Novice: 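I'd like to ask you about the structure that follows.
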Amino acid sequence: MTLAADASMLNPVHLFLEADIIVKTVMIGLAVASLWSWAVIIDKAVRFSSLNRQANTFEDAVGSGRPLEEVAAQAGPNPVHPLPRMLVIALTDWREARTRGPLTENQANLLMSRIDRALDSLIAREGQRVENGLGVLSVVATSSPFIGLFGTVWGIMNAFGAIASSGNTNLTTVAPAIAEALFATAIGLGAAIPAYIAYNKFSIDAGKFTGRLESFADDLQAAVARRLGGPSAAAPQPTREL
């Protein structure tokens, strides 16, 4: 086998074109899965960067000592980001309750419960939203190596078939089929490794963002409880002054 033939055999395009139809199908499927996972990875990276950047800006505004009503007015009546939306929800319920006059203890407790349920519902929806797409990464990360392994096993079976049909155990007889088989494994690992790393990273990022929302919800409940004249039993201690 010449040096030029060696180089040709290791060319990815050549390996794909010379592969069996089953191995070709495996390679195409893995390539599509890899592209799909990279689309999710890029989308998630951009989204988390934007969410955290906006959250930092909003928390700086809240921590600057400005009145909460002013911060909420600046955010608008229907903010897109969940943190200002939580503030708008809490202040809206607070204003609606106060327009009816002074609150009794029972009414104050009902107000706190209503705000708590509204914030919990929003956090649950946002938690699901930031986790969208992670299932794709999980599937690609866990299944791609096994699909690639199937292509490898099939290619090796073809190599043994070539040996049996030719009666020749020379490396030149079986090397192309073995190279094709190993190439399928390489594509499977190439799809799985980035998906696995990204899945773990974005799962952690999603958990941190959800925790950030929960912490802000606790602070909002504590702020409303202070406005009601004292801490509510259902309101956790704030982590920062609102």
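The model shown is predicted, which means the values in this text are computed figures rather than measured ones.
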Novice: In terms of hydrophobic clusters joined by side-chain contacts under 4.5 Å, are Ile193 and Leu35 together?
Specialist: no
Novice: Do Ile21 and Phe183 share a hydrophobic cluster (ILVMFWY, side-chain heavy atoms under 4.5 Å, transitive)?
Specialist: yes
Novice: Does Asn56 reach the main-chain N or O of Asn52 with its side chain, forming a donor-acceptor pair under 3.5 Å?
Specialist: yes
Novice: Can you tell me how far the OG1 atom of Thr142 sits from the OH atom of Tyr199, to the nearest 0.5 Å?
Specialist: 9.5 Å
Novice: Could you verify whether a donor N or O on one side chain and an acceptor N or O on the other, from Thr92 and Glu96, lie under 3.5 Å apart?
Specialist: no
Novice: Roughly how far apart are Leu137 CG and Trp36 CH2, rounded to 0.5 Å?
Specialist: 10.0 Å
Novice: Between Ser34 and Ile187, is any pair of side-chain heavy atoms under 4.5 Å apart?
Specialist: no
Novice: Atom OG of Ser49 and atom CD of Gln54: how far apart are they, to the nearest 0.5 Å?
Specialist: 9.5 Å
Novice: Can you name the nearest heavy-atom pair linking Val23 to Gly155, along with the distance?
Specialist: CG2-N, 4.2 Å
Novice: Among residues two or more places apart or on two chains, list those pairs meeting ring pair (Phe, Tyr, Trp, His ring centres under 6.0 Å) that have a residue in residues 41-67.
Specialist: Phe48-Phe202, Phe58-Phe216
Novice: For atom CH2 of Trp94, decide whether the heavy atoms of other residues, nucleotides or ligands shown that lie under 6.0 angstrom number more than 12.
Specialist: yes
Novice: Could you measure the distance from the CG atom of Leu134 to the CD1 atom of Ile41? Nearest 0.5 Å is fine.
Specialist: 10.5 Å
Novice: Given Ser121 and Arg117, is the side-chain hydrogen bond (donor to acceptor under 3.5 Å, both in side chains) satisfied, shown in steps?
Specialist: CA-CA 6 Å; Ser121 177; Arg117 287 194 301 270; over 6 Å; no
Novice: Output, in order, the C-alpha distance, side-chain angles, deciding distance and verdict of side chain to side chain contact (heavy atoms under 4.5 Å, CB included) for Asp218 and Gln221.
Specialist: CA-CA 5 Å; Asp218 291 346; Gln221 288 179 280; 3.8 Å; yes
Novice: Which heavy atom of Ala192 sits nearest to which heavy atom of Ala141, and what is that distance?
Specialist: CB-O, 3.6 Å
Novice: Quick check: closest heavy atoms across Ile89 and Ala118, and the distance to 0.1 Å?
Specialist: CG2-CB, 3.8 Å
Novice: So which heavy atom on Val40 is nearest to which on Gly133, and how close?
Specialist: CG1-O, 3.5 Å
Novice: Rounded to the nearest 0.5 Å, how far apart are CZ of Arg85 and CG of Leu119?
Specialist: 11.0 Å
Novice: Is there a donor-acceptor pair closer than 3.5 Å between any side-chain N or O of Ser50 and the backbone N or O of Val46?
Specialist: no
Novice: Examine Tyr196 and Leu30 and state if one hydrophobic cluster contains both, with Ile, Leu, Val, Met, Phe, Trp and Tyr joined whenever side-chain heavy atoms are less than 4.5 Å apart.
Specialist: no
Novice: Might you work through the side chain to side chain contact (heavy atoms under 4.5 Å, CB included) test for Lys44 and Lys201, ending with a clear yes or no?
Specialist: CA-CA 10 Å; Lys44 285 297 175 188; Lys201 179 190 184 304; over 6 Å; no
Novice: For residues Leu91 and Arg95, determine if any side-chain heavy atom of one lies less than 4.5 Å from a side-chain heavy atom of the other.
Specialist: yes
Novice: Under the side-chain hydrogen bond (donor to acceptor under 3.5 Å, both in side chains) rule, collect the residues that match up with Glu214, sequence neighbours excluded.
Specialist: none
Novice: Can you tell me if Arg47 has over 12 outside heavy atoms packed within less than 6.0 Å of its CZ?
Specialist: no
Novice: I need the minimum non-hydrogen distance between Val140 and Ala191, along with the two atoms involved.
Specialist: CG1-O, 3.6 Å
Novice: Determine whether Leu149 and Val139 fall in the same hydrophobic cluster, where Ile, Leu, Val, Met, Phe, Trp and Tyr are linked whenever their side-chain heavy atoms lie under 4.5 Å apart.
Specialist: no
Novice: Roughly how far apart are Leu51 CG and Arg129 CZ, rounded to 0.5 Å?
Specialist: 9.5 Å
Novice: Same hydrophobic cluster for Val88 and Ile123, using side-chain heavy-atom links shorter than 4.5 Å among ILVMFWY?
Specialist: no
Novice: Minimum heavy-atom separation for Met112 and Ala225, please, with both atom names.
Specialist: SD-N, 4.1 Å
Novice: For Asp93, what residues pass the side-chain hydrogen bond (donor to acceptor under 3.5 Å, both in side chains) criterion, not counting sequence neighbours?
Specialist: none
Novice: Just do the side chain to side chain contact (heavy atoms under 4.5 Å, CB included) check on Ile115 and Val224 with the steps written out, would you?
Specialist: CA-CA 9 Å; Ile115 292 175; Val224 173; 3.9 Å; yes
Novice: Stepwise, does the side chain to side chain contact (heavy atoms under 4.5 Å, CB included) test hold for Leu213 with Leu83?
Specialist: CA-CA 7 Å; Leu213 298 182; Leu83 284 181; 3.6 Å; yes
